[in-house]
Amino acid sequence: MEIDWFGHACFRLRGKEATVITDPYSKEIGLAFARPRGDIVTVSHDHPGHSFAQGVKGEPKVIAGPGEYEIKNVFVTGVPGAHDKKNGKDRGANTVYVIDMDGLTICHLGDLGHVPNQTQAEAFGNVNILLIPVGGVSTINAGEAAEIVSMLEPQIVIPMHYAHTDLKFKLDPVAKFFKEMGIKSSDAVASLKVTKDSLPKETQVVLLEPKQKE
């Protein structure tokens, strides 16, 4: 599988049989969207920064809420959560997606605003790759993100949803997350290719460069 990051909470998971695009965003948030092609689009919640499904090329199947889905041998489980610590009273609902494809389990936390409870964590299963917001303000902060990493023990962690100079709103820098994890910030890589056999034995944080063009 090849994983590319388009900025904010938008990733492309390109597998053998299908391509998944997570949380596509509109230019309203300040970032230019590269308009990738996909077979499946997951939307964590209805917000311009996470739900611009019409910006994805092709004729993708859009998944926008909790439930179990199977499309092109990709299994997607939407787990209900909240955008805040008050069960959604402040910012509404947020769906976490667990995506099983090519023998790997990827968990995209969307705009999660709280540390998952035991029931939610169990619903995530054995996560190989965790796509996690770390910028605080409107989601979990760096400390809470580190706590979730410790809870889920994924092999690969990819931070998302953090400060960018072009964003029209402020988020914390990704450096805070590295500090909370007790590791030095790594150089960003353009893309990540991973198979079940190539997963590291201990948790590894991978920083991806935002892909500006298709």
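Values below: all heavy atoms of this structure, side chains included; hydrogens, waters and symmetry mates excluded. What you are looking at is a predicted structure, and each value in this text was computed from that prediction instead of being measured.
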Query raised in the report: Where the side chain of Asn73 meets the backbone of Ala18, is there a donor-acceptor pair that is under 3.5 Å apart?
Result: no

**Report entry** Those residues that, when tested against Gln204, pass side chain to side chain contact (heavy atoms under 4.5 Å, CB included) (two or more places apart)
**Finding:** Pro200, Val206

**Report entry** Contact list for residues 120-134, test salt bridge (Lys or Arg N to Asp or Glu O under 4.0 Å), sequence neighbours left out
**Finding:** none

Query raised in the report: Pick one: which of Leu192, Thr195, Ile106 meets side chain to side chain contact (heavy atoms under 4.5 Å, CB included) with Met1?
Result: Ile106

Report task. Using a 4.5 Å cut-off on heavy atoms from C-beta on, say whether the side chain of Arg37 contacts that of Thr19. Result -> no

Report task. Please answer whether the main-chain N or O of Gly78 pairs with a side-chain N or O of Tyr69 as donor and acceptor at a distance below 3.5 Å. Result -> no

Distance-only check: which donor-acceptor pairs under 3.5 Å involve side-chain atoms of residues 146-160, not counting sequence neighbours?
unit_1, atom_1, unit_2, atom_2, d
Gln155, OE1, Asn128, ND2, 3.2

Query raised in the report: What is the minimum heavy-atom distance between Phe33 and Phe6, and which atoms define it?
Result: CE1-CB, 4.5 Å

Report summary line: For Ala121 and Pro116 the tightest heavy-atom approach is N-CB, 4.3 Å

Query raised in the report: Where do Val134 and Ala145 come nearest, in terms of heavy atoms and distance?
Result: CG1-CB, 3.9 Å

Report summary line: In terms of heavy-atom contacts, Gly38 and Pro60 come closest through O-CB, 3.4 Å

Query raised in the report: Taking the side chain as C-beta and beyond, is there a heavy-atom pair between Ile71 and Val20 under 4.5 Å?
Result: no

**Report entry** Those residues that, when tested against Asn117, pass side chain to side chain contact (heavy atoms under 4.5 Å, CB included) (two or more places apart)
**Finding:** Thr119, Gln120

Query raised in the report: Tyr97 side chain to Val43 main-chain N or O, any donor-acceptor pair under 3.5 Å?
Result: yes

Query - side-chain hydrogen bond (donor to acceptor under 3.5 Å, both in side chains) partners of Glu70, counting only residues at least two apart - result: none

Query - Side-chain (Asn141) to main-chain (Gly143) donor-acceptor, under 3.5 angstrom - result: yes

Query raised in the report: Sub-3.5 Å donor-acceptor pair from the side chain of Asn94 to the main-chain atoms of Gly110, do we have one?
Result: no

Query - Listed partners of Lys72 passing side-chain hydrogen bond (donor to acceptor under 3.5 Å, both in side chains), at least two apart - result: Asp39

Report task. Under the side-chain hydrogen bond (donor to acceptor under 3.5 Å, both in side chains) rule, collect the residues that match up with Ser44, sequence neighbours excluded. Result -> Asp23

Report, one line per pair, each donor and acceptor closer than 3.5 Å where one atom sits in a side chain of residues 169-185; sequence neighbours left out.
none

**Report entry** Flag side-chain contact, heavy atom, 4.5 Å: Ile99 against Thr105
**Finding:** no

Query - side-chain hydrogen bond (donor to acceptor under 3.5 Å, both in side chains) against Thr22, all qualifying residues, sequence neighbours excluded - result: His108

Query - Residue pair Asp4 / Ser191: nearest heavy atoms and the distance that separates them - result: OD1-OG, 2.8 Å

Query raised in the report: Do Phe75 and Ile129 share a hydrophobic cluster (ILVMFWY, side-chain heavy atoms under 4.5 Å, transitive)?
Result: no

Requested in this report: Would you please name every residue forming a ring-ring contact (aromatic ring centres under 6.0 Å, His included) with Phe124, sequence neighbours left out?
Outcome: none

Query - Gap between atom OG1 of Thr42 and atom CD1 of Ile21 - 0.5 Å precision - result: 9.0 Å

Query - Side chains of Leu199 and Leu104 in contact at under 4.5 Å (non-hydrogen atoms) - result: yes

Requested in this report: Determine, step by step, whether Val56 and Val62 satisfy the side chain to side chain contact (heavy atoms under 4.5 Å, CB included) criterion, reporting the C-alpha distance in whole Å, the side-chain angles of both residues, the deciding distance to 0.1 Å, and the verdict.
Outcome: CA-CA 10 Å; Val56 178; Val62 179; over 6 Å; no

**Report entry** Min side-chain heavy-atom separation Val41-Pro24 under 4.5 Å
**Finding:** yes

Query raised in the report: With a 3.5 Å cut-off and no angle check, do the side chains of Thr139 and Asp111 form a donor-acceptor pair?
Result: no

Query raised in the report: Out of curiosity, Asn126 CG to Cys107 SG, how far, rounded to the nearest 0.5 Å?
Result: 11.5 Å

Requested in this report: Under the salt bridge (Lys or Arg N to Asp or Glu O under 4.0 Å) rule, collect the residues that match up with Glu2, sequence neighbours excluded.
Outcome: Arg14

Query raised in the report: Which residues satisfy the side chain to side chain contact (heavy atoms under 4.5 Å, CB included) test with Pro66, sequence neighbours excluded?
Result: Pro80, Thr95

Query raised in the report: What are the two closest heavy atoms between Ala9 and His161, and how far apart are they?
Result: CB-CD2, 4.4 Å

